[in-house]
Amino acid sequence: MDLNEIKTSGKWGDAATGINENFSRTNVEIEKLKNTTIRDKGYFSTLVYLKLAWPSPVKGDVAWVGSPYPGTVWECKLAGEWTDTSEVPEVPGVDLNNWSQTDW
C-alpha cells in the first residue's frame with residue numbers, strides 16, 4: 001500500500017490532506033481484507049439482494065436468505081455460484097429474564 005509521507009514541518013492543512021488520504025487508503029485495504037477473511041456475508045431477504053451485494057462469491061462463503069427471517073442457508077460450493085442448502089439456521093437468542101438485575 002502506497003501511503004503519503006507526512007512531513008514534520010509545514011502547514012497543518014497540507015499535512016491534514018495527506019493524513020486523510022492515508023486513512024482513506026488504509027480503509028480500502030481493511031475492507032479488502034475483511035471481504036477475503038469473513039465468510040459469513042449476512043442476511044438478505046431475497047436471492048436478488050444477496051447477488052447484488054455478493055455477485056462473485058468465493059467457495060466457503062455463506063449467507064442467510066429468505067423471508068420471513070432467518071430464511072435458509074445459502075453457501076458457495078463452487079466459485080461464483082450460490083446454492084440453497086435448504087437448512088434453516090438456528091437463530092441466536094438473548095435471555096431477557098431478569099436482565100435488569102444483571103451485574104454488567
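Quick note: numbers below take in every heavy atom, side chains included, and nothing from hydrogens, waters or symmetry partners.
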- Message: Just to verify, what does Leu96 make a side chain to side chain contact (heavy atoms under 4.5 Å, CB included) with, not counting sequence neighbours?
- Response: Val94, Trp99
Looking at side-chain heavy atoms only, is the closest gap between [X] and [Y] below 4.5 Å?
X     : Y     : value
Leu3  : Arg25 : yes
Cys76 : Val58 : no
Trp74 : Leu47 : yes

- Tyr43: ring-ring contact (aromatic ring centres under 6.0 Å, His included) partners, not counting sequence neighbours: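 So Tyr43 forms a ring-ring contact (aromatic ring centres under 6.0 Å, His included) with Tyr69.
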Return the [atom1] to [atom2] distance between [X] and [Y], rounded to the nearest 0.5 Å.
X     : Y     : atom1 : atom2 : result
Lys51 : Glu81 : NZ    : CD    : 8.5 Å
Ile19 : Thr26 : CD1   : OG1   : 11.5 Å
Lys41 : Asp61 : NZ    : CG    : 4.5 Å
Ser24 : Glu29 : OG    : CD    : 10.5 Å
Asp2  : Glu21 : CG    : CD    : 10.5 Å

Please confirm whether the backbone N or O of [Y] pairs with a side-chain atom of [X], one donor and one acceptor, at under 3.5 Å?
X     : Y     : answer
Asn20 : Thr17 : no
Trp82 : Trp54 : yes
Arg39 : Val62 : no

- Task: Taking all non-hydrogen atoms of both residues into account, name the closest pair between Pro89 and Gly71 and its distance.
- Result: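 That would be CD-O, 3.4 Å.
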- Single-linkage hydrophobic cluster Val88~Val91, side-chain heavy atoms < 4.5 angstrom: no
- Message: Here's a test for you: under side chain to side chain contact (heavy atoms under 4.5 Å, CB included), which of Asp84, Val65, Thr85 qualifies with Val73?
- Response: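 Passing option: Thr85.
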